[in-house]
Number of protein chains: 2
Amino acid sequence: MARIGIREVAALAGVSMGTVSHYLNHPSRVSAEKAVRIQAAIDKLGFVRNNAGRQLRLGRSTTMAYIVPDVSNPFFATIAEGVEQRASEAGLSVFLANSGGRRAREDSYLELFQEHGVLGILVASPEPIEDRLAAIQKKGTPSVLVGQLAASPGQPSVSIDDVSGGYLAARHLIDIGCRRLAFVGGPLSVRQVADRLQGASRAVRETGSATLEIIDVEPRVISVGHKVGAEIAGRPEANRPDGVFTVNDMLGIGLVQTLVTSGVRVPDEIAVIGYDDIEYAENSLVPLASIRPPHQEFGIAAVDLLLVMVEEKESDLHRVFAPELVIRRSAER
Amino acid sequence: MARIGIREVAALAGVSMGTVSHYLNHPSRVSAEKAVRIQAAIDKLGFVRNNAGRQLRLGRSTTMAYIVPDVSNPFFATIAEGVEQRASEAGLSVFLANSGGRRAREDSYLELFQEHGVLGILVASPEPIEDRLAAIQKKGTPSVLVGQLAASPGQPSVSIDDVSGGYLAARHLIDIGCRRLAFVGGPLSVRQVADRLQGASRAVRETGSATLEIIDVEPRVISVGHKVGAEIAGRPEANRPDGVFTVNDMLGIGLVQTLVTSGVRVPDEIAVIGYDDIEYAENSLVPLASIRPPHQEFGIAAVDLLLVMVEEKESDLHRVFAPELVIRRSAER
DNA sequence: CTGAAAGCGCTAACAC
DNA sequence: GTGTTAGCGCTTTCAG
């Protein structure tokens with residue numbers, strides 16, 4: 001099949017290439033009669049505008065990229081919703097890329113998107129990445145770091161105040177009467193984990209009469225929650241915590257399952273609260289209380305920040321969101 | 001910042017544009033000495049190759065697209081793994097797009113990717129889409145339908161044999177001694193649901209002595225599983241099924257949770273088997289037996305089919321995969 | 001309102 | 001091994 005271009009359309013419609021282009025980009029400037037003829041030719045020939053030519057000529061693109069470590073993680077997926085919504089409002093398209101958390105793949109996508117001349121890149125990464133983003137920035141492609149507060153000057157970011165999230169969780173446990181708290185999750189070398197613990201710790205300190213036990217486990221998955229649950233259920237009652245804050249919902253879900261099936265009453269004997277408010281939290285055996293980050297707004301803010309950068313060339317904005325406490329049966333008394 | 005092009009690099013390295021291009025595309029044909037000078041210039045200037053120019057000149061792209069209804073669905077996400085792996089082996093990049101199952105978004109991505117001149121498009125969609133793919137095909141962009149067997153001639157697809165999956169599930173329940181089976185899930189207008197039921201039905205028919213009750217519910221989420229569980233647990237024992245096949249794992253997880261907390265023993269009184277083998281199945285209260293589609297190979301096959309189409313222009317290949325039975329405690333006796 | 005023509009950045013064919 | 005050059009398809013002045 002011969003590739004159909006604007007030239008062929010023009011020929012069939014009996015107008016010049018310029019007029020076809022006008023019709024495509026400024027329809028109002030073309031007479032109704034020719035517009036009809038042009039559209040007919042487009043349909044007849046199955047013309048599709050060639051973006052390479054267009055972009056080459058224009059020198060800019062209306063596409064942005066969002067690189068995530070794991071698309072199937074509901075956390076990133078829900079942010080993506082916000083990103084796409086806001087982008088589409090701004091007349092932009094979003095290319096998603098899945099880095100699998102692997103640095104090499106991350107780099108290759110970063111390179112790819114630069115070559116494609118995207119307007120900008122949103123990046124969520126478990127890897128240290130700010131150096132690379134700075135380099136890319138210098139070459140003309142702006143980026144926004146998603147999910148962690150950027151440290152380098154000139155690097156915008158949207159993030160969540162995990163200290164405050166940890167505080168909220170522990171504070172709530174204390175408010176409903178818990179005094180022997182436990183924090184489940186690790187490793188503390190992960191910033192988010194450390195921050196959540198720090199917040200929880202502050203709430204405990206404020207209270208004075210409460211204690212905080214740290215159960216440092218990883219990875220943060222359901223099956224580890226099961227193990228921790230079995231361990232706690234196996235203790236003499238006096239040694240058990242009466243309120244547990246798990247650093248994410250997976251751990252919380254596993255923990256609650258094992259506690260309940262071991263005959264420990266949740267929340268009466270042990271109250272549990274998770275973090276992230278994933279879909280399964282709401283639907284677990286005992287609906288799991290959790291800390292909810294504002295996913296959608298998060299994505300929206302990321303796009304907005306990117307647009308600001310594009311307009312103003314330089315910027316160093318950070319948006320830090322406050323998470324929200326979601327009370328459910330696992331932490332109600 | 002003045003845009004850096006191949007021209008600037010050439011000037012700084014003291015060679016011609018052609019040599020720089022050669023260095024970029026056929027490094028072996030450039031003398032070592034100049035190669036060094038060119039690379040130095042590239043680094044110094046922060047040169048990034050402009051894909052628009054390249055693609056315009058070459059007339060082809062090394063990018064493909066994968067459009068899914070919901071990236072966060074582990075089913076599609078795992079397929080994406082396979083897609084990316086195979087694509088990268090073939091020297092291709094993958095752009096992911098999230099249609100949200102909305103037809104308008106689907107169309108706009110379809111259009112976008114055509115304009116970008118991608119090599120081809122992989123599409124998973126809950127919507128009828130073959131007509132649109134045929135139109136796109138005619139305009140020069142091949143596609144592979146992912147997740148359902150294509151009906152139109154000339155439209156390749158990769159799909160799962162859901163009839164056989166349903167058969168496997170019911171057959172297993174019968175094999176471990178169940179005789180009063182129930183199928184949970186709907187609506188039957190969804191092809192996958194209907195196929196799974198059909199397979200289950202065949203297994204029951206083959207047996208003669210078994211019965212199959214249909215509990216037609218939707219949506220297929222955990223909370224609906226809870227409801228069904230409560231309903232079943234509330235029946236007089238004689239009226240309860242002794243083996244349940246849920247059309248997906250979410251329903252199965254919810255069902256098992258409620259049965260167990262209502263005092264019904266799983267699998268002794270009621271065995272349960274789900275479908276899809278999502279991560280949570282393995283880690284639910286009672287590990288859930290399930291039917292596992294071969295996600296990874298699925299993605300690999302999709303890319304391979306696309307590559308065949310690109311080479312041979314026309315094709316009408318279909319790959320239908322057999323799912324696999326994963327036995328876990330919820331269906332062991 | 002329409003047409004003619006220049007040129008975006010790059011690659012490959014060709015000449016040296 | 002290296003340089004020169006002709007477009008790839010499109011948009012946008014600029015003239016008419």
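Note: hydrogens, waters and symmetry copies are ignored here, and every other heavy atom, side chains too, is used. Naming convention: chains lettered A, B, ... in sequence-line order (proteins, then strands); numbering from 1 in each chain.
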Tell me the interatomic distance from [X], atom [atom1], to [N], atom [atom2], rounded to whole angstroms.
X      : N       : atom1 : atom2 : value
H22(A) : dC10(D) : NE2   : P     : 15 Å
R60(B) : dG9(D)  : CZ    : P     : 14 Å
L58(B) : dA12(C) : CG    : C1'   : 9 Å
L24(B) : dA12(C) : CG    : P     : 11 Å
R29(B) : dA13(C) : CZ    : P     : 9 Å
I4(B)  : dC10(C) : CD1   : C1'   : 16 Å
N25(B) : dA12(C) : CG    : C1'   : 9 Å
Y23(A) : dT11(D) : OH    : C1'   : 17 Å

Would you indicate which nucleotide in [options] comes nearest to any side-chain atom of [X]?
X      : options                  : result
T19(A) : dG3(C), dT2(D), dG9(C)   : dG3(C)
R54(B) : dC10(C), dT12(D), dT2(C) : dC10(C)
R57(A) : dG7(C), dT2(D), dT11(C)  : dG7(C)

What does the inter-axis angle of the helix from dC1(C)-dG16(D) to dC16(C)-dG1(D) come out as, five pairs per end, nearest 10 degrees? 30°
List the atom of [X], the atom of [Y], and the distance in Å for their closest heavy-atom pair.
X       : Y       : value
V144(B) : L306(B) : CG2-N, 3.8 Å
F47(A)  : L24(A)  : CE2-CD2, 3.9 Å
S99(A)  : I67(A)  : CB-CG2, 4.1 Å
Y66(A)  : I79(A)  : OH-CG2, 3.4 Å
I160(A) : V320(A) : C-CG1, 4.2 Å
P293(A) : F75(A)  : CG-CE1, 4.0 Å

For dC1(C), take OP1 and OP2 only and decide whether either is under 4.0 Å from a side-chain N or O of H26(A). no
Return no unless some side-chain N or O of N50(A) is found under 4.0 Å from OP1 or OP2 of dC10(D). no
Are there more than 12 heavy atoms of other residues, nucleotides or ligands under 6.0 Å from atom CZ of R132(B)? yes
Spatial distance of atom CD1 (I38(B)) from atom OG (S31(B)) [nearest 0.5 Å]: 7.5 Å
Flag, side chain of [X] to backbone of [Y], donor-acceptor distance under 3.5 Å:
X       : Y       : answer
R37(A)  : A13(A)  : yes
D276(B) : I278(B) : no
E8(A)   : G5(A)   : yes

Short of 4.0 Å, heavy atom to strand atom, which residues of residues 6-17 of chain B count as contacting DNA chain C? I6(B), M17(B)
May I ask you to list the residues of residues 34-49 of chain B, by number, that have any heavy atom positioned under 4.0 Å from an atom of DNA chain C? F47(B), R49(B)
Within the 4.0 Å heavy-atom criterion, would you say G5(B) contacts the bases, only the backbone, or no part of the nucleic acid? sugar-phosphate
When we call it a touch if two heavy atoms are under 4.0 Å apart, what does S21(B) touch: a base, just sugar-phosphate, or nothing? base
Between E33(B) and L56(B), name the one whose nearest nucleotide on DNA chain D is closer to the 5' end. E33(B)
Identify all side-chain donor-acceptor contacts of residues 147-157 of chain B below 3.5 Å with residues at least two apart in sequence or on another chain.
residue	atom	partner	partner atom	Å
Q148(B)	NE2	S125(B)	O	2.9
S152(B)	OG	E130(B)	OE1	2.3
Q155(B)	NE2	S143(B)	O	3.2
S157(B)	OG	A150(B)	N	3.0
S157(B)	OG	H318(B)	ND1	2.7

Just grab all the salt bridge (Lys or Arg N to Asp or Glu O under 4.0 Å) pairs involving residues 73-91 of chain A, residues at least two apart or on different chains. E84(A)-R105(B), R86(A)-E89(A), R86(A)-D304(A)
If the plane angle is over 60° it's perpendicular, under 30° parallel, otherwise tilted; pick one for H116(B) and H116(A). parallel
Check each residue of residues 107-114 of chain A for a non-hydrogen atom within less than 4.0 Å of any atom in DNA chain D, then write out the ones that pass by number, or none. none
For the aromatic rings, using the six-membered ring if either is Trp, is the centroid distance between F113(A) and F95(B) under 6.0 Å? yes
